[in-house]
Amino acid sequence: WGAKHKPPPGGAGPSLSQPPKPPPLILHGTADTTVPHTQAVDFQQAMKKAGHRCELRLYDDMPHGFFNQKKYNETLQEAEQFIRSLGWIE
């Protein structure tokens with residue numbers, strides 16, 4: 001929900017009772033001032049505690065939206081590897 005926003009009443013997001021489809025892949029910069037990377041870490045931990053797959057890749061010193069320019073090819077490879085791990089592509 002970002003540093004400037006509060007979660008909605010009754011919870012911080014979707015229920016974790018059912019595994020999300022597809023499982024999430026989160027690519028997050030540690031220098032993000034819009035959405036602190038600790039929120040992504042907390043979400044991944046909650047997903048794992050609920051028994052669901054959630055992949056998190058943290059990128060040191062990268063700001064919000066870093067993957068659009070600075071790390072485009074690297075994050076594209078991460079996404080491709082993740083999709084391959086799901087068996088959706090060969």
Side-chain angles (χ1 to χ4, degrees):
W1 293 100
K4 300 173 189 162
H5 305 286
K6 293 182 180 178
S15 167
L16 297 180
S17 63
Q18 296 292 322
K21 295 182 182 175
L25 167 64
I26 304 168
L27 308 172
H28 207 116
T30 61
D32 190 333
T33 58
T34 304
V35 180
H37 75 279
T38 54
Q39 287 187 3
V41 171
D42 292 344
F43 180 75
Q44 181 193 38
Q45 289 174 348
M47 289 286 288
K48 287 187 172 192
K49 185 176 180 181
H52 307 314
R53 181 177 178 183
C54 180
E55 301 293 326
L56 173 61
R57 305 291 186 271
L58 294 175
Y59 288 80
D60 290 335
D61 301 318
M62 289 291 110
H64 190 79
F66 70 93
F67 49 85
N68 291 321
Q69 297 172 9
K70 297 178 182 178
K71 297 277 187 174
Y72 180 78
N73 289 332
E74 188 175 335
T75 56
L76 191 61
Q77 286 179 330
E78 288 278 4
E80 182 180 333
Q81 289 173 1
F82 180 70
I83 293 168
R84 285 183 194 286
S85 77
L86 298 173
W88 291 4
I89 61 174
E90 293 181 11

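Note that the numbering runs from 1 along the sequence shown for the chain. Because only heavy atoms are used, hydrogens play no part in the values below, and waters and symmetry mates are left out as well, while side chains stay in.
The side-chain heavy atoms of H28 and V35, taken from C-beta on, include a pair separated by under 4.5 Å. L86 places a side-chain heavy atom less than 4.5 Å from the side chain of R53. Side-chain contact between K70 and Y59 is absent, with no heavy atoms from C-beta onward closer than 4.5 Å.
Going from atom CZ of F66 over to atom CG of D32 covers 9.0 Å, rounded to the nearest 0.5 Å. Taken from CD in Q45 to OG1 in T38, the straight-line distance is 10.0 Å, to the nearest 0.5 Å. Remark: D42 CG to M47 CE distance equals 13.5 Å, nearest 0.5 Å. Annotation: the span from E55 atom CD to E78 atom CD amounts to 9.0 Å, rounded to 0.5 Å. Annotation: the span from R57 atom CZ to Q44 atom CD amounts to 8.5 Å, rounded to 0.5 Å. With rounding to the nearest 0.5 Å, the separation of CZ in F82 from CD1 in I26 is 9.5 Å.
Of all non-hydrogen atoms in D61 and T30, the two that sit nearest each other are N-OG1, 2.7 Å. Among all heavy-atom pairs drawn from K48 and C54, the shortest one is CE-O, 4.0 Å. Taking each heavy atom of I83 and I89 in turn, the nearest pair found is CG2-CG1, 3.7 Å. The two residues G29 and H37 come nearest to each other via the heavy atoms O-CB, 3.7 Å.
If you chain together hydrophobic residues whose side chains sit under 4.5 Å apart, W88 and L27 fall into the same group. L25 and L56 fall into different hydrophobic clusters, where Ile, Leu, Val, Met, Phe, Trp and Tyr residues are linked whenever their side-chain heavy atoms come under 4.5 Å apart, directly or through other members.
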